[in-house]
Chemist: 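Before I ask anything, here is the structure I am working with.
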Amino acid sequence: MDMKKMMKQAQMMQKNLNAVQQELALMDHTAEAGGGMVSATVNGNMELTALEIKKEAVDPEDVEMLQDLVVAAVNEALRGMHAISEEKMSAVTGGMNIPGL
């Protein structure tokens with residue numbers, strides 16, 4: 001094995017990973033629950049950046065339903081962003097599972 005070639009490939013992969021991480025940080029993903037009654041948006045850093053609740057979803061007699069809708073929307077937004085992140089990272093790593101990414 002050519003050690004110089006391996007080091008150069010590793011450096012190139014690191015550069016590409018950094019570019020993808022920067023791209024992901026600028027992305028967001030929105031998901032809905034309850035037929036659009038609640039929507040949640042997360043960014044590429046897996047942070048909740050927006051939560052919208054339509055007034056029709058607010059029923060003081062059924063707070064649990066609203067709580068469930070919020071949890072469902074946030075979890076779906078996180079799953080969606082995670083899938084986008086995995087797809088973009090896999091394109092750079094060639095499908096290798098690199099710990100910490």
Chemist: To the nearest 0.5 Å, what is the distance between CG on Leu24 and CD on Glu86?
Modeler: 11.0 Å
Chemist: Measuring from atom NE2 of His82 to atom CE of Met89, what distance do you get when rounded to the nearest 0.5 angstrom?
Modeler: 11.0 Å
Chemist: Is the backbone of Asn45 close enough, under 3.5 Å, to the side chain of Asn43 for a donor and an acceptor to pair up by distance?
Modeler: yes
Chemist: Is the number of heavy atoms from other residues, nucleotides or ligands within 6.0 Å of CD (Glu52) greater than 12?
Modeler: no
Chemist: Rounded to the nearest 0.5 Å, how far does NZ of Lys54 lie from CG of Leu69?
Modeler: 12.0 Å
Chemist: Could you list the donor-acceptor pairs under 3.5 angstrom formed by side chains in residues 56-66, with sequence neighbours left out?
Modeler:
from  : atom 1 : to    : atom 2 : distance (Å)
Asp59 : OD1    : Glu61 : N      : 2.9
Asp62 : OD1    : Met65 : N      : 3.3

Chemist: Take a 6.0 Å sphere around CE of Met12 and say whether it holds more than 12 heavy atoms from other residues, nucleotides or ligands.
Modeler: no
Chemist: Hey, could you give me the NZ/CE distance between Lys55 and Met37, rounded to the nearest 0.5 Å?
Modeler: 11.0 Å
Chemist: On a heavy-atom basis, which atom in Leu51 and which in Ala40 lie closest, and how many Å separate them?
Modeler: CD1-CB, 4.1 Å
Chemist: State which residues pass side-chain contact (heavy atoms from CB on, under 4.5 Å) with Asn75; sequence neighbours excluded, sorted by chain then number.
Modeler: Val71, Leu78, Arg79
Chemist: Check Lys88 against Met27 and note the closest heavy-atom contact, atom names and distance.
Modeler: CE-SD, 3.7 Å
Chemist: Identify the heavy atoms of Val42 and Ala77 that sit nearest to each other, and give their distance.
Modeler: CG2-O, 3.3 Å
Chemist: To the nearest 0.5 Å, what is the distance between CD (Gln21) and CD (Gln14)?
Modeler: 7.5 Å
Chemist: Any side-chain donor paired with an acceptor under 3.5 Å for Gln22 and Asn18?
Modeler: no
Chemist: Heavy atoms only: give me the nearest Ala31-Ala73 pair and the separation to one decimal.
Modeler: CB-O, 3.8 Å
Chemist: Output all residues satisfying side-chain contact (heavy atoms from CB on, under 4.5 Å) with Asp28, sequence neighbours left out; order by chain, then residue number.
Modeler: Thr41
